[in-house]
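A quick write-up on the structure given underneath.
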Number of protein chains: 2
Amino acid sequence: MEKKQKTISVTGVGIKDVARLAGVSPATVSRALSGGPVSEALRAQVEAAVRASGYRPNLAARRLRSQHSGTVGLVVADIRNPFFTGLSRAVEDSAYQAGMRVILCNTDEDPQREALYLRLMQEERVSGLIFAPTRASMSTLDQSSFEFPVVLVDRAATGVPFDAVVLDNRAAAAQLVNHLVARGYRRIGGLFGKTSITGAERRDGYVGAMQRHGLESAYRLVAPTAEAAYAEAAAWFAEATRPQALVVSNSLLLVGVLKAARAAGLCMPADLALAGFDNDNWTELVEPGITVIEQPVDDIGRSAMGLLFERLQEPQRPLRRVVLSGRCIVRGSTAVLETAVTGAVPQEAER
Amino acid sequence: MEKKQKTISVTGVGIKDVARLAGVSPATVSRALSGGPVSEALRAQVEAAVRASGYRPNLAARRLRSQHSGTVGLVVADIRNPFFTGLSRAVEDSAYQAGMRVILCNTDEDPQREALYLRLMQEERVSGLIFAPTRASMSTLDQSSFEFPVVLVDRAATGVPFDAVVLDNRAAAAQLVNHLVARGYRRIGGLFGKTSITGAERRDGYVGAMQRHGLESAYRLVAPTAEAAYAEAAAWFAEATRPQALVVSNSLLLVGVLKAARAAGLCMPADLALAGFDNDNWTELVEPGITVIEQPVDDIGRSAMGLLFERLQEPQRPLRRVVLSGRCIVRGSTAVLETAVTGAVPQEAER
DNA sequence: AGCGGGAATGTAAACGTTTTCAACCTTACT
DNA sequence: AGTAAGGTTGAAAACGTTTACATTCCCGCT
């Protein structure tokens with residue numbers, strides 16, 4: 001008549017109930033569950049009691065008492081941007097592997113939403129934050145605004161007072177320019193997002209590389225949407241100064257440019273060569289494939305979590321900035337320019 | 001000499017400090033902040049004290065005491081799957097709009113990881129869960145396993161004891177078959193994911209539609225990866241029974257199939273017509289564009305949150321199953337079959 | 001004038017853990 | 001044999017809120 005149910009799924013079973021069931025004190029249950037010093041005999045009893053009762057620790061209580069949230073925040077512009085999608089996955093894997101949880105927030109590049117979420121991070125008492133700030137906030141922020149370590153990703157002006165992991169955007173953009181030059185292109189334009197520091201850095205890399213080649217740079221800045229890129233590109237293509245080749249600062253813009261090129265009836269790469277950022281799978285599937293800089297998104301996420309953990313262990317260590325290189329994936333969109341009538345092949349400018 | 005700092009950014013400022021600063025009791029501060037009955041005068045004092053002290057409520061404590069986590073869980077296979085990316089964004093928007101937070105988990109279709117995260121949801125005491133279960137777990141699960149409402153998305157066998165919002169997968173697959181038939185194709189194959197109920201339903205829809213047209217169905221099941229799809233498709237294309245057209249059950253598989261078709265030198269749609277699911281942007285960019293069923297992913301996310309909220313308000317109401325329709329976007333990959341020598345045009349089978 | 005009722009406020013308990021501290025038991029050493 | 005040391009265990013405090021309950025005050029009614 002005293003049969004015990006195998007599992008009780010009703011909540012309200014707390015650590016005290018487990019303790020009573022196991023014939024020990026709540027403190028012992030806590031220690032048994034968190035790997036504290038408990039004799040093997042009692043540990044077994046506790047585990048049995050936990051199983052029998054279906055006990056689930058209350059994380060809110062645990063956090064309140066222990067003052068550790070075991071949570072990291074991830075605040076990015078928009079998870080639908082493939083770069084952030086990949087990043088979030090890498091961050092989550094690292095986090096859950098370390099037994100931590102992730103809170104994900106999309107700011108949509110809106111400083112107000114961003115501020116809201118940063119406040120949320122404080123209220124959650126996150127252990128740390130991985131953060132791709134809007135351009136506006138970057139300059140105003142300061143480590144002392146936060147009670148927890150912050151690691152910047154993707155966007156981080158040099159000299160900003162945070163740990164950061166970024167792509168070498170200038171070098172990457174320059175690499176694209178060099179590649180295009182080597183392939184015989186000269187009238188090379190650029191299209192960059194105007195809201196992010198990333199776009200600005202890539203523009204700098206583009207401009208610098210063009211200068212080094214003695215070429216005149218011609219770039220335009222747009223809002224970071226496919227629609228804006230489409231409009232700008234369509235207008236540009238209609239002008240007399242239409243470029244032979246275009247360097248585009250992210251995959252969203254690239255979509256817009258590609259559609260505009262199609263709409264204008266431009267043939268790639270004969271009428272227009274295209275090179276961009278982010279190795280989304282469609283850049284390979286499109287005909288011809290698009291030459292892009294691939295960002296090591298897994299590395300970026302892992303490195304960011306790594307910096308975070310190291311900072312947590314050693315709060316006073318000097319700031320670190322991890323700069324990763326992009327890999328240039330050459331595809332048909334930048335094939336050798338057939339109509340080029342330059343006398344000699346230019347000095348090999350790639351690499 | 002008694003000057004007060006404008007903002008104190010150090011934590012450790014709790015509700016008691018605010019109370020002292022405002023000259024009221026902690027209870028009044030709590031009420032003022034949560035919209036309880038407080039005189040205007042005191043409310044103003046409290047707000048001033050909050051601003052002056054930089055007070056941030058501790059969510060762990062709040063949750064512990066109030067027994068409301070203000071958090072919904074979102075457990076999906078992989079955020080990198082564009083369907084889930086969009087879903088997560090829609091869910092998060094709904095959630096944050098309702099003042100709630102979201103915890104996102106990727107199961108990778110691994111029942112073990114899934115079980116781990118479901119346990120986590122219990123420990124977090126989430127208010128509710130939005131869940132795309134693996135096939136294995138679907139049958140074993142039961143609302144009574146959870147202390148909180150669960151809404152299934154994307155995958156939900158009929159008759160499963162949960163609220164759910166799903167696509168009408170059978171109708172959608174049938175729609176693709178009808179479309180292909182109307183365009184003159186007869187030897188229509190199918191490639192479906194073998195791990196999800198979604199794949200199974202789409203297969204059913206395909207088989208049923210083929211039967212109604214008096215055509216012989218020929219489908220294959222693969223693991224839900226682009227690689228598996230590539231391998232299977234490549235093998236299939238090499239056989240004598242190579243289909244004229246292929247219905248593919250998700251965008252990941254579609255990538256594999258497309259690559260295999262390219263590798264086999266098949267020309268679309270002359271050698272092979274292709275129709276799939278999920279209107280990823282690349283399906284439009286590829287040449288020719290791919291005919292797909294577009295899932296109303298925003299609606300799905302919003303509806304799921306809607307069901308969740310309604311269930312929270314009224315726990316006893318009968319189960320609801322929201323079935324949404326996909327929209328067929330016709331592109332070049334299913335252009336009218338030129339080489340068709342059928343005597344008469346078949347009865348209009350579309351729609 | 002007395003009294004009932006409602007709104008605003010304060011006091012203190014409660015939420016479910018972890019952790020400090022003291023007590024206890026064993027073991028080994030002098 | 002006595003005691004120091006070390007390892008297990010339990011009692012109780014603490015974490016920072018919300019909320020039940022008591023109190024006070026003010027108003028209007030009889």
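Throughout, a chain's letter reflects where its sequence line sits, starting with A, and its residues are numbered from 1.
- In this structure, the nucleotide among dT11(C), dT17(C), dT8(D) sitting nearest to the side chain of N58(A) is dT17(C).
- For T28(A), whose side chain is taken as the heavy atoms from C-beta onward, the closest listed nucleotide among dG10(D), dT17(C), dT17(D) is dG10(D).
- Taking the side-chain hydrogen bond (donor to acceptor under 3.5 Å, both in side chains) definition, one finds that R80(B) meets it with D78(B), sequence neighbours left out.
- What separates CZ of R63(B) from P of dT17(C) is a distance of 16 Å, to the nearest Å.
- Listed pair S66(B) / dT17(D) fails the phosphate criterion, with no side-chain N or O lying under 4.0 Å from OP1 or OP2.
- Side-chain to base pairing of R65(B) with dT18(D): one donor and one acceptor N or O lie within less than 3.5 Å of each other.
- Taking the ring-ring contact (aromatic ring centres under 6.0 Å, His included) definition, one finds that F162(A) meets it with nothing, sequence neighbours left out.
- Salt bridge absent: E147(B) and R56(A) never bring a charged side-chain N and a carboxylate O closer than 4.0 Å.
- If you take CZ of R56(A) and P of dT17(C), they are 12 Å apart, rounded to a whole angstrom.
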Write out a two-atom table: protein N or O, nucleotide N or O from nucleotides 22-24 of chain D, distance below 3.5 Å.
none

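- Distance CZ (R62(B)) to C1' (dA14(C)): 17 Å, rounded to an integer number of Å.
- For S25(B), counting side-chain heavy atoms from C-beta on, the closest listed nucleotide (dT11(C), dG16(D), dT9(D)) is dT11(C).
- Regarding L33(B), its CG atom lies at a distance of 15 Å from the C1' atom of dT19(D), rounded to whole Å.
- A donor and an acceptor atom sit less than 3.5 Å apart, one in the side chain of R31(A) and one in the base of dG10(D).
- To the nearest angstrom, C1' of dA14(D) lies 17 Å from CD1 of I15(B).
- Nearest to the side chain of R125(B), among dT9(D), dT17(C), dG10(C), sits dT17(C).
- The nearest whole Å value for the distance from the NZ atom in K16(A) to the C1' atom in dG10(D) is 14 Å.
- The side-chain hydrogen bond (donor to acceptor under 3.5 Å, both in side chains) search around S127(B) returns S69(B), not counting sequence neighbours.
- Checking V24(B) against H68(A), the closest nucleotide of DNA chain C that is more toward the 5' end is the one next to V24(B).
- Distances from the side chain of L64(B) to the nucleotides dG16(C), dA11(D), dT17(C) place dG16(C) closest.
- Between S53(B) and L21(B), the shortest heavy-atom distance links the atoms CB-CD2, 4.1 Å.
- Applying the 4.0 Å criterion to OP1 and OP2 of dT8(D), one finds that S39(A) has every side-chain N and O outside that range.
- Side-chain N/O atoms of Q67(B) include none lying less than 4.0 angstrom from OP1 or OP2 on dT19(D).
- The side-chain hydrogen bond (donor to acceptor under 3.5 Å, both in side chains) check on R65(A) picks up nothing, with sequence neighbours excluded.
- A side-chain donor-acceptor contact under 3.5 Å links T134(B) and E114(B).
- For R43(A) and dG7(D), the CZ to P distance is 15 Å, given to the nearest whole Å.
- By the side-chain hydrogen bond (donor to acceptor under 3.5 Å, both in side chains) test, T28(B) pairs with S25(B), sequence neighbours left out.
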